[in-house]
Number of protein chains: 2
Amino acid sequence: MSKQRFTPLLRELAHCFQTFELLSGRHIRSLGLTPSQFDVITALGETNGMNCGDLGERALITKGTLTGVLDRLEQKGLVQREESPGDRRSIIVHLTPEGLSLFTQISSQHLKYLNTAFNKLDDEFIGSMTTQLALLRGILQQHAEISPVNTTFSR
Amino acid sequence: MSKQRFTPLLRELAHCFQTFELLSGRHIRSLGLTPSQFDVITALGETNGMNCGDLGERALITKGTLTGVLDRLEQKGLVQREESPGDRRSIIVHLTPEGLSLFTQISSQHLKYLNTAFNKLDDEFIGSMTTQLALLRGILQQHAEISPVNTTFSR
DNA sequence: TATTGTTATACTCTATAACTATA
DNA sequence: TATAGTTATAGAGTATAACAATA
């Protein structure tokens with residue numbers, strides 16, 4: 001019945017996403033990071049450290065998996081684990097100076113890398129597209145919270 | 001310089017896609033498939049069989065990895081490998097009747113699952129958003145072909 | 001020589017469940 | 001009892017390089 005109404009949007013969303021990921025993923029790998037590691041670095045770079053629970057939720061990584069990802073990033077000297085002052089069960093993860101430096105470098109390189117592509121878009125398009133994406137995300141996010149398929153957190 | 005111009009779009013694009021993936025990925029897992037397996041099933045369902053090279057390119061999976069993914073799908077009885085009539089090095093992969101049935105079931109369920117979310121969008125929004133995504137994808141795709149980071153195919 | 005797909009290798013991600021130490 | 005993070009386990013994806021069969 002109402003299927004057909006948004007099927008093209010869904011298909012295009014997935015297709016566009018896939019292309020973006022191809023482009024973006026190539027660059028991430030060339031920097032020596034996995035997508036998950038990149039997600040963690042980005043999450044930490046945009047905030048000023050967070051505990052594992054919040055970090056996992058933000059980067060879409062379950063807690064068991066996150067431990068391994070953090071181990072590897074710590075081994076590379078990019079992140080650091082510190083005791084939380086309030087709760088002795090909790091741990092605060094934050095970027096080391098090297099991690100922060102990589103984050104800023106990544107951001108700038110990532111933008112530069114995509115620059116030539118996005119150059120072709122005019123301001124009006126960019127503005128309207130951004131607004132629409134934000135609206136769409138809001139709806140998706142609301143839906144994600146309201147109707148999970150199962151109780152456990154999974155991608 | 002021109003960084004700031006499209007930074008919000010980039011951020012929103014990544015954020016929106018991440019949310020979409022969370023929602024979509026949950027459903028895929030609940031069907032007993034991995035994301036890669038889902039990509040393969042989808043690619044095969046939308047066409048009528050293809051060789052490994054094209055399939056890998058479409059699903060963003062390198063050839064070495066694809067062999068393993070196909071093995072598992074074949075083991076589940078969802079896909080089948082057949083000799084290519086023209087080129088004896090090549091192989092045609094296609095869905096089995098069970099695979100095809102799963103594909104149609106998935107498509108319909110996937111749409112039904114996302115229905116409540118997309119219900120809230122009006123026709124004008126859907127149309128404009130679809131057009132913009134297609135335009136953006138075209139640009140990204142062109143960029144992906146023109147300026148790869150390295151020669152090897154990677155996500 | 002080049003291409004198609006497989007094999008081999010080593011690493012990372014993944015979910016899940018059991019575990020510890022705190023609360 | 002509940003929560004935060006780790007550990008253990010088994011499976012899947014990942015890139016890469018070497019390989020066999022065919023072109």
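Computed over heavy atoms, backbone and side chain alike; hydrogens, waters and symmetry mates excluded. Each chain gets a letter, A, B and so on, in the order the sequences are listed, and its residues count up from 1. All figures in this text were calculated on a predicted structure; none of them were measured in a lab.
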Exercise. Does A:Thr62 put a side-chain nitrogen or oxygen below 4.0 Å from OP1 or OP2 of C:dA15?
Worked result: yes
Exercise. Which part of the nucleic acid does A:Ser90 contact within heavy-atom distance under 4.0 Å: base, sugar-phosphate only, or nothing?
Worked result: sugar-phosphate
Problem set entry | Minimum-distance nucleotide (side-chain atoms of A:Arg88 versus C:dA23, D:dA23, D:dA12) | C:dA23
Exercise. Given D:dT14, is OP1 or OP2 found less than 4.0 Å from the side-chain N or O atoms of B:Ser36?
Worked result: yes
Exercise. In terms of the angle between their ring planes, are A:Phe20 and B:Phe17 parallel, tilted or perpendicular, with boundaries placed at 30° and 60°?
Worked result: tilted
Exercise. 5'-most contact on DNA chain C: A:Gly86 or A:Lys76, nearest heavy atom basis?
Worked result: A:Lys76
Exercise. The side chain of A:Arg72 lies closest to which of these nucleotides: D:dA12, C:dC13, D:dA15?
Worked result: C:dC13
Problem set entry | Which nucleotide in D:dA23, C:dT6, D:dG5 has an atom nearest any side-chain atom of B:Arg81 | C:dT6
Exercise. So, is B:Thr67 near the phosphate of C:dT6, with a side-chain N or O under 4.0 Å from OP1 or OP2?
Worked result: yes
For this session: When you get a sec, tell me which of C:dT6, D:dA23, C:dC13 is the closest nucleotide to the side chain of A:Gln37?
Result: C:dC13
Problem set entry | B:Asp122 atom CG: more than 12 heavy-atom contacts under 6.0 Å | yes
Exercise. Between D:dA20 and B:Arg89, is there an OP1 or OP2 to side-chain N/O distance shorter than 4.0 Å?
Worked result: no
Problem set entry | Touch class at under 4.0 angstrom, heavy-atom based, for B:Gly53 against every strand present | sugar-phosphate
Exercise. Atom CD1 of B:Ile28 to atom P of C:dT14: distance rounded to whole Å?
Worked result: 14 Å
Problem set entry | Closest listed nucleotide, where the reference is the side chain of A:Arg29 and the choices are C:dG5, C:dA15, D:dT14 | D:dT14
Problem set entry | A:Thr65 side chain, from C-beta outward: closest of C:dT14, D:dA12, D:dG5 | C:dT14
Seminar exercise, completed: Exactly one of B:Asn48, B:Leu73, B:Thr47, B:Leu100 clears side chain to side chain contact (heavy atoms under 4.5 Å, CB included) with B:Leu95, and that residue is B:Leu100
Problem set entry | Side-chain donor-acceptor pair present, A:Thr65, A:Thr62, cut-off under 3.5 Å | yes
